[in-house]
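Quick notes on the structure that follows.
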Amino acid sequence: VETELVKRYQIRTLPTTLVVDDRGNVIMKSVGRTKRTGLLRRLTSAHSGYPLYIAERGDAEDPHILKRRGDYLLASGHPDGAITLLKDLLSRLNSADRLLAEEVRFSLAFGYFGIRAFSSAAEIFEELKDEAHSSKLRDDAKEALKMTEFLMEIQEGSTGDTQRDH
């Protein structure tokens, strides 16, 4: 049984804490040691958004619901799952969904941010700060880009090189 769980949930490091829904889908994953306060904060976030997650998970074709599900995964500390979902959603959107696509790309950038793939996040934020139709999204992307570039500088200083992105 344990080997099956390790394979199913791609557990490569111990300790790994998972929160799964009633269907076995990961909604929160924490790898490595986590401080109690951080874990409690993430569990609280996962718990508070769970009713919405359950209510909306049934319609796997509605792009707005999929976007909110991706945002939920980001907020509950599962950026890998969010990235997978949001990339798939982007591949399904057509040109008529441009505003939604921009919002999805913004969330995707935060997914990359969550896994420390800062250059991938920065690339998306850079595009959105200049090209987004919404002035709010352009402004949010500018602020997120500043934060991302700052963290990239810190990362380069501590490792001598940026982490390889996905």
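It should be emphasised that the depicted structure is a prediction, and the values quoted were computed from it without experimental measurement.
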Review point. Which atoms form the tightest heavy-atom contact between G70 and A82, and what is the distance?
Key: O-CB, 3.5 Å
Practice item. Test E126 against every option in I124, L128, D130 by the side-chain contact (heavy atoms from CB on, under 4.5 Å) rule and name the one that passes. Key: D130
Study note, to complete from the structure: CD of Q10 to CG of L18, rounded to nearest 0.5 Å, is 10.5 Å
Point to revise | Check: G24 main-chain N/O paired with Y9 side-chain donor or acceptor under 3.5 Å | key: yes
Point to revise | Value rounded to 0.5 Å, distance of NE2 in H64 from CG in D97 | key: 6.5 Å
Practice item. Report yes if the side chains of I115 and I83 come closer than 4.5 Å at any heavy-atom pair, otherwise no. Key: yes
**Study point:** Donor-acceptor contact below 3.5 Å, side chain R138 vs main chain K129
**Key:** no
Point to revise | For P63 against L93, the heavy-atom pair lying closest together | key: CB-CD2, 3.8 Å
Check your understanding: About how many Å separate CG of N94 and CG of L100, when rounded to the nearest 0.5 Å?
Key -> 10.0 Å
Exercise for review: Please check if V19 and V31 belong to a single hydrophobic cluster, counting links between Ile, Leu, Val, Met, Phe, Trp and Tyr side chain heavy atoms closer than 4.5 Å.
Suggested key: no
Exercise for review: Answer yes or no: is there a side-chain heavy-atom contact under 4.5 Å between L73 and P79?
Suggested key: no
Check your understanding: Got L85 and D88 here, is their nearest side-chain heavy-atom distance under 4.5 Å?
Key -> no
**Study point:** side-chain contact (heavy atoms from CB on, under 4.5 Å) assessment of R69 paired with I65
**Key:** CA-CA 6 Å; R69 195 176 303 157; I65 289 174; 3.8 Å; yes
Exercise for review: Answer with yes or no after comparing the ring centroid distance for F118 and Y112 against a 6.0 Å cut-off, counting only values under it.
Suggested key: no
Review point. Side-chain contact, heavy-atom cut-off 4.5 Å: K7 with T3?
Key: yes
Review point. Quick one: CD on E102 to CD on E131, what's the gap to the nearest 0.5 Å?
Key: 8.0 Å
Point to revise | F125 ring center near F106 ring center (under 6.0 Å) | key: yes
Check your understanding: Does L137 reach the side chain of H133, with side-chain heavy atoms less than 4.5 Å apart?
Key -> no
**Study point:** Separation between CD of E156 and CE of M152, rounded to the nearest 0.5 Å
**Key:** 6.0 Å
Exercise for review: Supply the atom-to-atom distance L66 CG to S107 OG, rounded to the nearest 0.5 angstrom.
Suggested key: 12.0 Å
Review point. Shared ILVMFWY cluster between L86 and L99, side chains joined below 4.5 angstrom?
Key: no
Exercise for review: For T84 and D80, indicate whether the former's side chain and the latter's backbone hold a donor-acceptor pair under 3.5 Å.
Suggested key: yes
Study note, to complete from the structure: Between K67 and L89, the two heavy atoms sitting closest are N-CD2, 3.7 Å
Practice item. Determine, using the 4.5 Å side-chain heavy-atom cutoff (strictly less than), whether F150 and F110 are members of one ILVMFWY cluster. Key: yes
Exercise for review: Could you pull out the closest heavy-atom pair between A109 and A121, with the gap in Å?
Suggested key: O-CB, 3.3 Å
